[in-house]
Every structure is written in C-alpha cells, then in structure tokens.
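Here the structure is laid out as structure tokens; the discussion comes afterwards.
We name chains A, B, ... by the order of the sequence lines, and we start the count at 1 in each one.
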Number of protein chains: 2
Amino acid sequence: MTEQSFEGLTATPIRRLADHVGERVLVQGWLYNLRSKGKLHFLQVRDGTGIVQAVMSVADVAEADFEAVKAATQESSLRVIGTVKTDERAPGGVELTVSRAVIVHVAEPYPIAKKEHGPDFLLGNRHLWLRSKRQMAILRVRDSVIRAIREFFHDRGFHCVDSPMFTPSACEGTTTLFQLDYFDDSKAYLTQSGQLYGEASAMALGKIYVFGPVFRAEKSKTRRHLTEFWMVEPEAAFYDLDDVMVLAEEFVAHIVRHVLRENRSDLADLERDVTKLEPAAGTPYPRVTYDDAVRYLHEHGHADFRYGDDFGAPHETVLGDAHDRPVLVHRWPAEVKAFYMKRDPANPKLALGVDMIASEGYGELIGGAQREDDFGELEKRLVEHELPREAFEWFLDLRRYGSVPHGGFGLGLERTLAWICGVDHLRECIPFPRMLYRIYP
Amino acid sequence: MTEQSFEGLTATPIRRLADHVGERVLVQGWLYNLRSKGKLHFLQVRDGTGIVQAVMSVADVAEADFEAVKAATQESSLRVIGTVKTDERAPGGVELTVSRAVIVHVAEPYPIAKKEHGPDFLLGNRHLWLRSKRQMAILRVRDSVIRAIREFFHDRGFHCVDSPMFTPSACEGTTTLFQLDYFDDSKAYLTQSGQLYGEASAMALGKIYVFGPVFRAEKSKTRRHLTEFWMVEPEAAFYDLDDVMVLAEEFVAHIVRHVLRENRSDLADLERDVTKLEPAAGTPYPRVTYDDAVRYLHEHGHADFRYGDDFGAPHETVLGDAHDRPVLVHRWPAEVKAFYMKRDPANPKLALGVDMIASEGYGELIGGAQREDDFGELEKRLVEHELPREAFEWFLDLRRYGSVPHGGFGLGLERTLAWICGVDHLRECIPFPRMLYRIYP
C-alpha cells in the first residue's frame with residue numbers, strides 16, 4: 001500500500017510536469033483556486049512544488065466527479081489525473097486536461113482570503129499563511145540558501161560543528177539573554193552566538209562553521225527583530241582579517257549565484273527585481289574603512305554622525321546604496337566592538353572587525369573579525385568589558401594551548417533572506433517567527 | 001596579507017598531502033606528539049584534517065629551528081615546510097621531510113595527557129578534549145552524517161523547514177519540558193520535537209524535513225541522555241505507514257553508505273568494526289509487528305515481558321541483535337504511543353507507528369507514524385490524552401482545511417552517530433554535551 005500512487009500512477013510533482021508533456025499523470029495536492037464556466041472547471045492546484053491549472057470538462061469526466069469539484073472549497077485536498085499539455089500562457093508552461101478528479105477532503109471555509117489581512121491575523125494563522133504563494137516561495141528560497149551555505153563551506157573544507165543552545169554565560173553581555181531554570185535551582189542561558197564554541201572547534205578541526213538558532217531577548221517590536229533566528233558562523237585557524245573578508249564576499253556571492261540559478265520562479269513569485277541582486281553574484285565587493293565610511297556619511301546627508309558611534313539603519317542605507325553590491329566596512333573603533341576582536345597593529349584604537357552591509361536598505365548581513373589570539377591582551381579585554389573571568393576561563397585556554405591567528409564571521413540567515421527575496425519584514429523569512437508578543441502557533 | 005600562506009606557499013590540508021608527493025608544501029597546525037632521537041625530531045602534526053609525521057633532521061634545517069622544536073610542548077601551534085614522501089607504514093601513506101619549522105605559540109603544559117582521564121575531567125575540558133584523535137574523528141563523521149541527511153532529503157524533493165525553539169505547549173506531555181521566562185511574565189517552553197510544525201509545513205510544501213536542536217528536561221544521568229540534542233524529522237503529505245517505513249530504511253541505508261564511502265579513515269581511528277555496519281547499507285530492512293516482536297521476546301529470555309508495554313533497553317538489544325541490520329517494529333498498542341498517531345483500520349487498538357531499532361544494543365534510532373488525519377478522531381485523542389485543546393487548535397486546523405493522509409518520523413542524530421561510530425556514550429556524539437549537571441564549557 002502507498003498513498004503516493006493512485007490508479008496505478010505515481011504522483012508527479014507540479015514542478016516536473018513540463019518533462020511529461022503528452023503523458024497521463026497524477027497530481028496530488030490542494031485546490032488553490034477554482035473558476036467554473038458552464039461545462040468547464042478551471043482548477044488551480046498546488047502541491048508545494050508549484051501551481052498548475054487543471055481544466056476539467058464535463059464531457060471528459062464522470063458526472064459525479066464534475067459535481068464533486070463544484071462543492072470543493074479553497075484548500076480542499078484532491079487527486080487529479082490528467083494529460084499534460086503545453087500552454088505558453090501558463091506559469092510553468094503547461095496545464096492539465098483532467099480525466100479524473102477525486103476530492104480527498106472538503107475544507108471548511110478558508111480563513112485566509114485573497115483580500116488583505118493584518119499582520120496579527122496572518123501571524124496568528126501562520127500554519128495556514130504558509131500555504132500562500134508568496135510564503136511558499138520564501139520557504140523554498142530559504143531551503144535553497146541553507147543548501148548553498150552548507151555546500152560552500154563543505155567545498156572549502158569547513159566542517160559543521162554544532163554549538164550548544166544552553167550556555168553558562170553570555171558572549172557579548174547579559175542584557176539580552178534569555179534565562180531558564182535548569183536543574184536543582186541552577187540557571188542556564190540560551191545562546192546568542194556560537195562563536196566562542198566555534199573558536200574552540202576551529203582549534204580542533206582547523207576550519208569549521210556553526211549553523212543553528214540563536215536567541216536575543218530584545219524588547220523591540222520592529223520589522224528587524226526576532227527573538228529567535230538562525231545564524232551561520234564560520235571560524236578558521238590561520239585566518240586574518242583579509243582572509244575573513246575574502247571568505248565573506250565569496251560566501252555571499254555564492255549564495256546569490258545559487259539562488260539566481262535555482263529559484264528563478266520563486267523570485268518571480270516574489271516579484272523580486274533580480275537586476276538588483278545580480279551584481280552581488282560577482283566579487284570582489286567594495287571595501288571601505290570605518291573612517292572612510294564616516295567621511296562618506298558626513299558628505300551625504302549625515303553631517304551630524306559622530307565618529308566612534310555604531311551605524312544605525314539610516315546610515316547603513318546610505319552606505320549600502322553607494323554600491324551595486326554589499327560593501328565591507330572594516331577597522332572599527334574598538335569601543336563599539338566585542339571584547340574578543342584583535343586590535344589593529346597599525347592603530348590600537350581600531351579593532352580588526354568587519355561588517356558587510358547590503359544595498360537597498362537591508363542593512364548588516366555579516367559581522368566578523370580577526371580574533372584576539374594573545375592571552376594577556378584577551379585577559380585585559382575581559383576586565384575592560386567587566387566580564388566574569390571564571391565564565392571565560394575555558395575560552396582563555398584557547399590562547400594558552402597553541403594559540404594561532406584566527407577569525408570568522410556571523411551571517412544572519414533571515415536578514416540575508418530578506419535581502420535576497422526583497423522582503424521588508426524578517427517575520428516572513430522564518431517559518432514560525434518568534435517575537436516580543438508572539439509564540440503561537 | 002593572509003595567514004593561509006607562508007614563504008610563498010599556501011597551506012595544504014594534511015588529508016590532501018598524498019596528492020603532492022615530491023612537492024614542497026606548507027602544513028599549519030598543532031604538535032600532536034614529539035619524539036626526538038639525537039639529531040632527529042619526529043613531529044606528529046595535526047591540522048584537523050589528519051595527522052602527519054614530519055621528520056626533521058638537524059642537517060636539513062637552521063640550528064635555531066631545530067632547537068626551537070625541542071622546546072615545543074604538546075599542542076604548540078606551528079608552521080612546517082617540507083617535502084612529501086611516500087611511506088607505506090604511515091597512516092595517510094605519506095610523511096614530510098622538514099626543511100623549515102616555525103613555532104607559532106608554545107603551549108603551556110597540556111592538561112590532557114595520553115593517560116586515561118575520568119569523564120568529569122574530560123567533559124570539563126571539552127574545548128580541549130575535542131582535539132584528541134578519537135573526538136576529531138567523531139566530529140568529522142557527525143559533519144558527514146549531517147551532509148548525508150540533507151542530501152538524501154533534497155534529492156527526494158523534501159524542503160528543509162525550521163521549526164521554532166520557543167513553543168506555547170508540549171508535543172507529547174509536559175513532564176520533561178524546559179520552561180523559560182518570556183516577556184512580561186509570560187512563559188515559553190523549549191521544543192521537544194518539531195513534528196507538529198512539520199505537519200503544518202508539509203501541508204504547504206508537500207514534503208519537508210525539520211532539522212534542529214530539541215530539548216528534554218529529563219532528570220536522568222545515563223549514557224543515553226542529553227538535555228539538548230539534534231533531531232531530523234521528515235514529514236510528507238500523501239504518505240501512509242508503508243511509505244514512511246520505506247523512506248526510513250532508505251534514509252538510514254543512505255547515511256551508512258555515505259559514511260562508509262567518505263569516512264573510512266575516521267572509522268579506522270575509532271576502531272569501528274565496519275563489517276557490523278555494512279549490512280545496514282542495503283535495503284530492505286526486516287519488519288516485524290509489535291505482536292511478533294513480543295512473541296520473539298517471550299521466546300528469547302524475556303518470558304516476563306508484558307504485552308502492551310514499551311520496550312526497554314534490554315528488549316531493544318535482543319530485538320536488534322536478531323538481525324544484521326536495523327529492524328522496523330510496526331503497529332504498536334495505541335496506549336504507549338503519542339496522541340497524533342492514526343489507528344490501524346484493521347485493529348483500532350493498534351497505532352500505525354513504527355520504531356527502528358539498531359543492532360549491537362544501540363537501541364531506537366527512529367520513531368515514526370502515519371498521523372491521524374481525521375478531525376473528529378484527533379479531537380477525541382486530545383481529550384483521552386488530557387491535552388489542553390486551545391494549545392492544539394492550530395494543529396486541529398490542519399484537519400479542517402484540506403486534510404490528507406500523511407506521515408513522517410524523527411531520527412536522533414546523536415543516537416545514530418553512536419551506532420555508526422560504535423561509541424557507547426551520547427556525550428561524545430555532540431560537540432558540547434549538555435546533561436543533568438553539565439552546561440560548562
């Protein structure tokens with residue numbers, strides 16, 4: 001027994017129908033839309049791989065089948081047998097001439113109509129909202145980006161090393177940590193970044209990447225905030241800042257090329273202007289120092305920007321829009337960057353950090369750095385940043401036992417996806433977004 | 001500037017040295033072991049991809065280089081330039097004749113010696129323990145298994161859909177849930193399984209898999225318990241129990257074939273008897289009903305096993321050892337299985353669930369099922385299992401709007417890895433294990 005076949009036919013994914021022109025095929029899925037005109041039904045059927053129009057004529061099918069479809073509501077599940085016909089006006093280039101249609105389950109009146117809904121309603125029905133054309137396209141691009149990420153690192157000899165979710169301490173301060181009750185009155189914190197563990201792993205395997213969820217208890221309710229999101233964090237022994245910047249630009253260019261190759265129809269569903277993305281498929285990316293970036297801001301509408309501050313969204317937009325592809329801003333004032341960044345030997349006031357900023361206002365995609373590899377310097381930074389030494393004792397060990405120059409970066413998956421898909425809100429870039437007042441469904 | 005090169009040479013990974021016989025290469029890494037004999041140093045150098053012996057003769061190198069190596073301790077970092085020479089006695093088939101060696105950092109006396117250490121000491125130094133040959137091999141196999149998992153599902157048209165870590169409720173009961181403070185005195189729970197979200201996603205994309213960390217607040221301190229571990233959970237629309245069983249056996253066989261092909265030297269480092277694994281590379285796997293399994297137990301030393309109970313570790317060992325590859329036990333008494341499993345139409349006392357049990361005492365690798373797709377039946381189960389209806393309202397929606405037969409399973413990554421690597425303790429199968437009294441480092 002198998003549910004993947006019906007009447008001797010094995011289901012064909014809609015995305016593959018064009019390979020079966022003239023053949024009799026089985027499609028299993030859901031009714032996306034139905035239009036009836038006298039003796040014809042025009043069924044839009046979706047199966048997750050695409051949407052196809054199935055034309056059903058009363059002359060070709062059993063009377064009962066034709067009547068049953070009349071009663072089928074949006075999102076009713078069904079099996080359709082038909083012949084694949086080329087039709088240049090159709091989205092996938094094909095449609096189906098139906099010879100049999102069986103409704104599996106008639107859906108109750110579907111709550112998500114074609115009309116506009118508010119975000120609260122859609123988020124509350126996220127389990128259903130995912131079935132809309134736009135959300136399915138974003139999900140497919142997300143899957144594709146995840147594959148591109150893993151392929152890139154594997155091809156370059158990086159091993160995936162998963163960092164823990166439960167941590168005894170914060171990586172970059174405690175203000176945005178989620179705390180939970182562990183056992184016997186002890187406390188644990190949810191990870192904000194796998195980087196420190198990535199550094200330990202790079203000292204074992206040489207080149208690694210961490211890829212998993214991270215958590216930020218930020219009490220912000222903007223379109224750029226999620227309380228949980230996914231981050232990929234490569235870390236490599238014997239990498240300096242230049243190596244990190246080359247890795248970062250090749251990485252993002254690889255992702256963009258992958259999506260442009262694999263997800264054309266999804267980008268079309270999202271009405272993404274791909275000419276805005278295409279330049280990012282090429283390297284190198286432009287590089288500017290923080291100093292130069294500040295000068296540029298002063299000359300382009302932000303005369304009041306104070307040297308030494310971190311960039312806000314408006315500054316990132318101006319800097320990002322100065323180029324046709326993401327820009328790398330490197331060598332930052334040490335005070336605005338994390339304790340673990342190495343200082344620039346040419347100017348110890350600067351940290352060897354780099355941010356990658358996207359164009360079109362999508363902001364920071366990547367934050368990276370060469371790490372401090374000197375035991376004494378790192379020890380000093382912990383004091384300066386008022387971090388609890390005992391929690392970082394193991395991290396200091398990495399500078400006690402065979403320290404090497406090393407570096408890496410973190411890329412936020414949802415931010416990258418927002419940029420690639422041309423989506424404004426991060427909440428659409430993760431299957432089940434978690435926000436300040438949202439953990440259901 | 002780049003740290004990946006030195007004296008005009010770009011570093012060669014040790015695993016690739018055999019492709020460079022007769023060439024002058026640069027190796028960057030750490031000193032795994034040093035043996036000196038008069039005018040010769042024998043350095044075991046590791047870089048994460050492998051270990052190579054580098055032979056340094058005082059006649060071939062600068063006096064100062066030779067002296068510096070004398071002072072190098074275990075795990076000191078270094079750069080070695082040398083010529084690759086075939087040597088059939090060497091592990092990778094090659095060794096290096098050193099012309100230059102530069103110590104990057106002299107390690108303090110390394111705490112992990114060749115002697116045996118207790119598990120508490122090793123776990124407390126997990127950030128260093130990872131550098132041992134055995135742990136590096138497990139990490140590499142883990143990376144390989146993760147790739148095999150993603151490759152398998154992608155090739156079969158499954159999309160990766162990440163489920164949330166924060167959930168409003170439990171999937172299978174509340175006794176082993178981690179609870180945390182969300183915002184404004186609200187509570188959230190950490191996910192125990194992504195399955196319910198996977199079901200919603202399968203109704204959108206047809207075939208999906210969830211792959212991420214899950215959490216269990218079990219107050220157990222055995223070698224089989226972790227409080228966080230990784231699980232992969234495929235879910236597919238129009239799949240029945242038979243489809244699920246075929247998917248499960250092909251999946252595990254694919255993983256085994258992948259590791260046997262890609263990780264031979266790692267399995268050798270682990271002294272894994274691969275003849276025990278090889279049969280699992282072939283399908284089909286044996287299938288027995290729960291009823292038959294109980295009969296087998298009764299006849300093989302467990303006459304006191306009570307029909308209707310779940311299997312314990314001793315029972316799994318007996319059942320697993322009856323076959324040369326994992327066995328699928330299907331059609332379970334409904335009471336021992338989760339509320340969401342569909343009942344067997346041939347016998348409503350049975351649930352259409354399946355467990356895959358490994359041989360050699362490694363226990364359950366997979367738990368799966370065909371899901372209840374009928375709204376009324378599912379509603380009844382929620383009552384029977386005393387689950388809070390309002391938390392599952394969205395899950396019921398999946399049976400309101402275009403319900404279809406569907407199924408899937410969950411595979412525990414660390415358990416699978418323990419079996420493949422022949423490792424007794426799950427704590428060695430995850431980079432930074434979290435257990436009852438262990439969240440550091």
Is the backbone of B:T227 close enough, under 3.5 Å, to the side chain of B:R434 for a donor and an acceptor to pair up by distance?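 Not a single qualifying donor-acceptor pair exists.
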Without swapping roles, check the side chain of A:D240 against the backbone of A:D243 for a donor-acceptor pair under 3.5 Å.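 Judged by distance alone, yes, a pair lies under 3.5 Å.
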Between [options], who has the most heavy-atom pairs with chain B when the cutoff is under 4.5 Å?
options                : answer
A:D181, A:V161, A:D397 : A:D397
A:G206, A:A200, A:P441 : A:P441
A:F211, A:F178, A:Y110 : A:F178

Side chains of [X] and [Y], heavy atoms from C-beta outward: is any pair under 4.5 Å?
X      : Y      : answer
B:Y239 : B:L247 : yes
A:M203 : A:V404 : yes
B:D373 : B:K342 : yes

Would you mind checking which part of B:L78 comes under 4.5 Å of any heavy atom in chain A, side chain (CB onward), backbone (N, CA, C, O), both or neither?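 Contact with chain A involves the backbone of B:L78 alone.
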Heavy-atom contact with chain A under 4.5 Å, split by part of B:K133: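 Interface part for B:K133: neither.
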Proximity breakdown for [X] and chain B, heavy-atom pairs closer than 4.5 Å:
X      : value
A:A11  : neither
A:A236 : neither
A:L190 : side chain
A:P109 : backbone
A:L130 : both
A:R15  : neither
A:P213 : side chain
A:R79  : side chain
A:P405 : side chain
A:S403 : both
A:F166 : both

For each of B:V106, B:I103, B:L436, tally heavy-atom pairs with chain A at distances under 4.5 Å, and name the one with the top tally.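 With the most close heavy-atom pairs to chain A, the winner is B:L436.
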Could you check which of B:M165, B:M136, B:R46, B:E75 has the highest count of heavy-atom pairs closer than 4.5 Å to chain A?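 Sorted descending by pairs with chain A, the first entry is B:M165.
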Distance (rounded to the nearest 0.5 Å) between B:T2 OG1 and A:M245 CE: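 Reported value, rounded in 0.5 Å steps: 11.5 Å.
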Salt bridge flag under 4.0 Å for residues A:D162 and B:R142: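 Salt bridge flag = yes for B:R142 with A:D162.
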Are a donor atom and an acceptor atom from the side chains of A:Y209 and A:E235 found within less than 3.5 Å of each other?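 No, no side-chain donor-acceptor pair sits under 3.5 Å.
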